[in-house]
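To keep things clear, I will list the structure first and then write my remarks on it.
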Protein chains: 2
Amino acid sequence: MKRDSRLSSVLHALLHMAEHDGPMTSDVLAQCLGANPVVVRRTMGLLRNAGLVSAARGHAGGWRIAADLNSVNLRQLHEALGEPAIFAIGNRNENPQCLVEQSVNAALEDAFSDAEALLMTRFADVTLADLAQDFARRYASRRDVKE
Amino acid sequence: MKRDSRLSSVLHALLHMAEHDGPMTSDVLAQCLGANPVVVRRTMGLLRNAGLVSAARGHAGGWRIAADLNSVNLRQLHEALGEPAIFAIGNRNENPQCLVEQSVNAALEDAFSDAEALLMTRFADVTLADLAQDFARRYASRRDVKE
DNA sequence: TTATTCGTAACATATAAAGTTACATGAAAC
DNA sequence: GTTTCATGTAACTTTATATGTTACGAATAA
Ligand code: FES
Ligand code: FES
């Protein structure tokens, strides 16, 4: 299965934007991510719909963050992306008449929903500001190594 | 992404086999699951490699469970299937030089590995015997409704 | 008026799960 | 021993979905 990497992508883009003055264009972000500008627009458009970023057209246009880094967490971003399916493993048949399949599905769904709940809790706990700080720490320690 | 439904499939097959005397052929299981006999052989073959089922060829051949229902849990089955990827969401680039991406990946992997650990714990807690019992309960309560 | 940039539809490609065909191998029935 | 039944597997096809690409319209500033 091909994994959905949009959350990773938008995080990368947002952190890049956080470290950058002024708007960044889809083309620049796409080059940064090793992705396609249209895909960037498509994906960032979802964040725009959620009010997390704003877009401006024309000269000196592009994307900028429209929220406080402290107030945006990973869960919000996941939601802004439409809450895509988290698991690559699933039930064969979601609406089985067969009682055996019902038992199987119930057991699996129990386990998966617990794991999903934990993941969402972890996501809610990490803000863009946290990531920016982690980046700053990594940046500083790399400079230490160089010196 | 297309979700991997093999765990669900083999559980369905195993419970069916648990309720059934004698071996069951790939064709019968496939019909039960609404799947393909070759896919059944392919998938059950992994369980055979793990010693969980045995296969016999020729007349009166087929698959049978080769372990105590109490001693087989969902985690073992997941492992027997080759521990396929659990998440449909992932990092864009697993080996980034970019420090921003490193921060993003680290944060996401933290959250995902916690969720995966919880899922594996839940899986380890559910045995085939548990599922068979749950099935028996559902079967009984359906008969109650009918009467 | 021109250059730039987003917005979006339509189509193309890539990847992986599941399905399918084909045939070899082995075991029981006759 | 020959036939029938069943697994074992390789090779290929289909299907689903994420991502990429092309094309063009709309808005905005130089
Ligand atoms: S921050 Fe732009 S390439 Fe990673
Ligand atoms: S148990 Fe065979 S169809 Fe569900």
Side-chain angles (χ1 to χ4, degrees), chain A residues 1-10 12-13 17 22-49 52-64 66 78 81-94, chain B residues 1-10 12-13 17 22-50 53-64 66 78 81-94:
Chain A
M1 143 210 337
K2 209 173 198 173
R3 294 163 88 181
D4 181 342
S5 62
R6 289 178 303 164
L7 182 57
S8 171
S9 291
V10 298
H12 194 164
M17 290 156 70
M24 297 185 72
T25 67
S26 304
D27 278 283
V28 170
L29 288 174
Q31 205 160 11
C32 243
L33 303 176
N36 187 285
V38 179
V39 175
V40 169
R41 282 199 280 277
R42 196 186 285 158
T43 310
M44 295 294 282
L46 298 171
L47 303 193
R48 185 198 55 221
N49 295 343
L52 300 174
V53 300
S54 62
R57 301 200 235 203
H59 282 274
W63 301 92
R64 60 173 85 230
H78 175 66
L81 292 175
E83 304 194 58
I86 289 173
F87 296 105
I89 297 179
N91 295 327
R92 180 172 186 82
N93 182 346
E94 292 294 347
Chain B
M1 159 206 331
K2 210 174 198 174
R3 293 163 88 179
D4 181 343
S5 61
R6 289 178 304 163
L7 183 57
S8 172
S9 291
V10 298
H12 193 165
M17 290 156 69
M24 297 185 72
T25 67
S26 304
D27 279 283
V28 169
L29 287 174
Q31 205 160 12
C32 241
L33 303 175
N36 186 284
V38 178
V39 175
V40 169
R41 282 199 279 278
R42 195 185 287 158
T43 310
M44 294 293 282
L46 297 171
L47 302 193
R48 185 198 56 220
N49 296 344
V53 299
S54 63
R57 302 201 237 201
H59 281 274
W63 302 92
R64 61 173 82 230
H78 175 66
L81 293 175
E83 305 195 57
I86 288 173
F87 296 106
I89 297 179
N91 295 328
R92 180 171 188 86
N93 181 346
E94 293 293 346

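Chain letters run A, B, ... following the sequence lines, proteins first, then strands; residues in each count from 1.
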Quick note, Val38(A) side chain, CB onward, closest among dT20(C), dT8(C), dG7(C) is dT8(C)

Restricting to nitrogen or oxygen on both sides, can you table the protein-nucleotides 27-30 of chain D pairs closer than 3.5 Å?
none

message: Looking at dG8(D), I'd like to know if its phosphate oxygens (OP1 or OP2) sit under 4.0 Å from a side-chain N or O belonging to Arg41(B).
response: no

When every non-hydrogen atom of Leu33(A) is compared with those of Arg92(B), the smallest separation belongs to O-NE, 2.9 Å

| request: Decide side-chain contact (heavy atoms from CB on, under 4.5 Å) for Glu83(B) and His78(B); before the verdict, give the C-alpha distance in whole Å, the side-chain angles of both, and the deciding distance to 0.1 Å. | output: CA-CA 5 Å; Glu83(B) 305 195 57; His78(B) 175 66; 4.0 Å; yes

- Query: Under 3.5 Å, is there an N or O donor on one side and an acceptor on the other linking the side chain of Arg42(B) and the base of dT20(C)?
  - Reply: yes

Rounded to whole Å, CE of Met24(B) lies from C1' of dC5(D) at a distance of 16 Å

From CE of Met44(A) across to C1' of dT5(C) the rounded distance in Å is 14 Å

Arg3(B) CZ to dA18(D) P, in whole Å, measures 11 Å

Any side-chain heavy-atom pair from Met17(B) and Leu29(B) closer than 4.5 angstrom?
-> yes

When Arg42(A), Arg41(A), Met44(A) are each screened for side chain to side chain contact (heavy atoms under 4.5 Å, CB included) with Ser26(A), the one that passes is Arg41(A)

Per the under-4.0 Å heavy-atom filter, residues of residues 25-37 of chain A near DNA chain C come out as Thr25(A), Ser26(A)

Check your understanding: Within the modelled atom types, does a donor on one side and an acceptor on the other bring the side chain of Lys2(B) and the base of dA17(C) under 3.5 Å apart?
Key -> yes

- request: Evaluate the side-chain proximity of Thr43(A) to Ser9(A): yes if any heavy-atom separation is below 4.5 Å, no if none is.
  value: no

- Report yes if some heavy atom in the side chain of Ile89(A) is under 4.5 Å from a heavy atom in the side chain of Arg3(B); otherwise report no. no

Practice task
Remember a base hit wins even if backbone is also touched, and classify Gly62(A) as base, sugar-phosphate or nothing at under 4.0 Å, heavy atoms.
Solution key: sugar-phosphate

Arg6(A) CZ to dT19(D) P, in whole Å, measures 6 Å

Does Ser5(B) place a side-chain N or O at less than 4.0 Å from the phosphate oxygens OP1/OP2 of dA17(C)?
-> no

Whole-Å distance, Leu46(A) CG to dT8(C) P, equals 10 Å

The nucleotide from dG7(C), dA18(C), dT21(D) with an atom nearest the side chain of Arg92(A) is dA18(C)

Between CG of Leu7(B) and C1' of dA17(C) the distance, given in whole Å, is 15 Å

* Is there a donor and acceptor pair, one atom on the side chain of Arg48(B) and one on the base of dG8(D), closer than 3.5 Å? -> no

For the backbone of Val28(B) and the side chain of Thr25(B), can you confirm whether one donor and one acceptor N or O come within less than 3.5 Å of each other? yes

Does either side chain, that of Trp63(A) or that of Ser54(A), offer a donor lying less than 3.5 Å from an acceptor on the other one? no

Q. Does Asn93(A) offer a backbone N or O that forms a donor-acceptor pair with the side chain of Asn91(A) under 3.5 Å?
A. no

